[in-house]
Amino acid sequence: MSLAFSSASHHTAVRLRLGLLKTGAVHSSLTTLPTACCGGWPPPAGSTLPCMVSKSQRFLSTSPCLRAAGNDSESPKFVPPSKPVIVDKTQTVASLRKFLSPEFIPPRQRIDPLKFSIERKDMIRRRKVLNIPEFYVGSILAVIMADPNASGKSNRFVGICIQRGGKGLGATFVLRNIINNQGVEICYELYSPRIQKIEVLKLEKRLDDNLMYLRDALPEYSTVDPEMKPVPFSPTGEVTVNKIKVRMRPKPWSKRWERPKFNIQGIRFDLSLTPEQMEHAQKWAQPWLEYDMLKEYDTSKLEEQIIKEVQQEMSK
Amino acid sequence: MAAWSCRFLLLRGTRVIPPRATAERPALLVGCIRTVKTTTWFEENLTEDNQEYMRKSTAEEYRRQTAEKLNPLKDEPWPRHEWTEGSRRVGLVAVKLGMVPVWTKTGERHVVTMLQVQDCHIIKYLSKEEYDGHSAALIVGGKNVSPFHRSENQMEVFRNAGVPPKQKVTAFKVSDSAIIKPGTPLYAAHFRPGQYVDVTGKSIGKGFQGVMKRWGFKGQPATHGQTKTHRRPGASGPGGDPAKVFKGKKMPGQMGNTYITAYGLKIWRVNTKYNVLYVNGSVPGHKNCLLKVRDTVLPSRSSTLLNPPFPTYFTEEDGDLDEDLYDEDLFVHTEPSLTLT
């Protein structure tokens, strides 16, 4: 009995979905099966969803028994082909993006490493209960926090992350949004027990590590829709960098962002400052800092060690 | 070790003469210069192999000494008594590691200092008559150091107790029912969460400081005609009636590097695996400094100390505790997030 493959696979898949199984023509190629049955919604490239795997498994499991039932009535010499083994090679463990949250890296101080390791154990215990996702400065997050004064005892805040500070259990991140023409910034502690859920609505990076200049930028750059739908992102590959250059309100600003100590790439200075002012700001440059060897802090080995430790503990 | 000697300078007429020259006429003592007679460090006269051997042998000896005392069959500990209302137990010597935040079950955030009890041993027992005539004392030492930079007298004391030499050696006043045999190790489980402690340590030295930093004076304005007076103390007392400056007047001087005690600090958590105490608030001293920790003397907090491990916590006798002991109000990170109602 020939098995219908690609040409007939579509309507065989349809029939399978409706629960009408015809013996014989059940084994459509499994590579086409997922896209056919999942119809209009395109899954993100390179990822397998659990539903796809289980559906194909379901088809696999139902087909032999029905084939066995139909064997007696039809040709007894039917030999089913060997079942294909699904190995999803698009996503290996090695291709997953390695991300170590910056608060795990201890600062360069004369503190006993034992203190950091005890703190890291506590941080991992908290991470096993609350999923703290990977995010960067410039990503858009939604945080649900327990609040005794809010109705329903919890409130949800959506905003763009402008700063990540602190090390260890006291790590914080600041979310900014403009609500009813009022700029609001909330500083959350990552490991506080009042935080019930953190979800990343849009994962992206910006040109700077610190977006405090959004306070002096035009409000359109800080507004985030509170009912925004999450934008899907892949766990492999590089994070997109949003190379947007922000337009500023007229001076005076809260800080002199043009000065080289802030090292800001994401502002359109040409619209707010003259070239003479830019040159004048360069007077505060400290070009010797990049050659200062005493300020060097190489964290690569420490990071590898900590990543390994954290991954081991989280998988337990 | 360096040994200092003193050479006296004698003056006769206008000539400074060395003391060894004997003369009939008496000479005036002008001064003395300190000269270093002998300076040796342990590795100076040893070969490299011997230096290595000395280091290894001391490390092994330390390990042996700390392990020995855990054997209950070897030495009988002194008789144990029950805890009564007025009895005082011994304290510990701890190392200040750093500070971390903790959260309560209602969501409030507090900061705590982590104190690690490293190699704390009882070194000596002084009876009431030997110490001060009022109460007995136990001398406790914390944190092992190398024996090569300790004098022979100090080493003898440690050898009598059978413990490695310690960096900090302090006395704790104890009641007679709470005395412990020298050589017993002390652990962090001596204190329990919910208890209050006093922590004593040497504050960070700021040197000679002016009156504004040292005592918090307001100083004088920066402008409006002030001539050379911006951070000065100003007036020093009433005036003609006392016609003097009272003793204890706040003036510039040495600030810091003195022993300060922080009273009534709550213990939030005890980690028995690493011997770490989580003590509320801040504590005097820099990171990695050694501190004295003892039960509080505050009368309002004495009710929290009921049935403590008396005279101390013994690993062999009192059995195994969990790795982490938490206070009942403390939020443990393995619990789910708070939902306030």
Side-chain angles (χ1 to χ4, degrees), chain A residues 103-104 106-133 143-156 165-173 187-199 310 313-314 316, chain B residues 94-119 142-143 167 188 204 268-279 282-283 285-291 322-326 329-341:
Chain A
E103 71 266 7
F104 279 103
R108 192 176 67 154
Q109 284 176 353
R110 288 165 71 178
I111 295 186
D112 198 356
L114 175 73
K115 185 241 180 187
F116 294 125
S117 69
I118 297 179
E119 224 182 342
R120 230 174 290 139
K121 282 203 176 82
D122 272 333
M123 286 154 77
I124 290 169
R125 271 185 210 134
R126 177 75 185 143
R127 274 178 181 250
K128 284 190 180 158
V129 177
L130 170 75
N131 172 38
I132 296 177
V143 172
I144 301 178
M145 189 164 89
D147 189 356
N149 304 321
S151 57
K153 297 300 164 194
S154 67
N155 67 13
R156 180 174 186 264
K167 297 285 180 198
L169 281 170
T172 57
F173 63 100
C187 176
Y188 292 101
E189 286 180 322
L190 274 171
Y191 297 95
S192 166
R194 284 171 63 188
I195 293 190
Q196 288 161 356
K197 191 169 181 206
I198 305 180
E199 44 180 320
V310 168
E313 292 286 325
M314 289 297 288
K316 276 188 197 165
Chain B
V95 176
K96 175 175 170 178
L97 292 182
M99 295 181 78
V100 278
V102 291
W103 288 270
T104 60
K105 289 202 164 106
T106 46
E108 283 152 16
R109 181 188 192 261
H110 298 279
V111 225
V112 294
T113 318
M114 289 166 65
L115 305 180
Q116 187 186 26
V117 180
Q118 284 179 9
D119 315 311
K143 195 170 170 196
Q167 186 175 332
I204 298 179
W268 284 104
R269 178 177 160 183
V270 175
N271 185 321
T272 42
K273 185 177 170 196
Y274 296 107
N275 276 330
V276 174
L277 297 168
Y278 287 64
V279 153
S282 61
V283 133
H286 53 86
K287 287 191 249 285
N288 301 325
C289 79
L290 286 158
L291 312 153
D322 303 329
E323 188 188 327
D324 272 303
L325 301 167
Y326 298 96
D329 292 327
L330 195 62
F331 172 79
V332 184
H333 291 294
T334 42
E335 290 167 7
S337 303
L338 295 179
T339 39
L340 306 172
T341 42

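In the text below, chain A, chain B and the rest are named by the order of the sequence lines, each starting its count at 1. In this text, all values refer to a predicted model and were calculated from it rather than measured experimentally. Only this structure's heavy atoms are used, side chains among them; waters, hydrogens and symmetry mates stay out.
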Minimum heavy-atom distance between [X] and [Y], given as atom pair plus value:
X	Y	result
A:Asp112	B:Gln118	OD2-NE2, 4.3 Å
A:Ile118	B:Val276	CD1-CG2, 3.9 Å
A:Leu169	B:Trp103	O-CH2, 3.6 Å
B:Leu340	A:Pro148	CD1-CD, 3.5 Å

Region of A:Glu119 that comes under 4.5 Å of a non-hydrogen atom in chain B
side chain
Under 4.5 Å from any heavy atom of chain A - which part of B:Val111
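Neither; nothing under 4.5 Å.
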B:Gln116, part contacting chain A, at a heavy-atom distance under 4.5 Å
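The side chain, not the backbone.
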Quick check on A:Lys153: does its NZ atom have over 12 non-hydrogen neighbours (other residues, nucleotides or ligands) under 6.0 Å away?
yes
Other residues, nucleotides and ligands only: do more than 12 of their heavy atoms fall within 6.0 Å of NZ on A:Lys167?
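Yes, NZ of A:Lys167 has more than 12 neighbouring heavy atoms, counting only those of other groups under 6.0 Å.
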Taken to the nearest 0.5 Å, the spacing of B:Glu335 CD from A:Arg125 CZ works out to 12.0 Å
NE2/B:His333 to CE/A:Met123 distance, rounded to the nearest 0.5 angstrom?
10.0 Å
Can you check side-chain contact (heavy atoms from CB on, under 4.5 Å) on A:Arg126 and B:Phe331, steps first, answer last?
CA-CA 11 Å; A:Arg126 177 75 185 143; B:Phe331 172 79; 3.8 Å; yes
Residue among A:Leu130, A:Ile124, A:Ile111 with most heavy-atom pairs under 4.5 Å to chain B:
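Ranked by contacts with chain B, first place is A:Ile111.
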Quick one: do A:Lys121 and B:Asp324 make a salt bridge, cutoff under 4.0 Å?
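Looking at A:Lys121 and B:Asp324, the cut-off is not met.
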Are any side-chain N or O atoms of B:Ser337 and backbone N or O atoms of A:Ile195, one a donor and one an acceptor, separated by less than 3.5 Å?
yes
Between A:Lys115 and B:Val100, does a side-chain contact (heavy atoms from CB on, under 4.5 Å) hold up when you go through it step by step?
CA-CA 9 Å; A:Lys115 185 241 180 187; B:Val100 278; 4.0 Å; yes
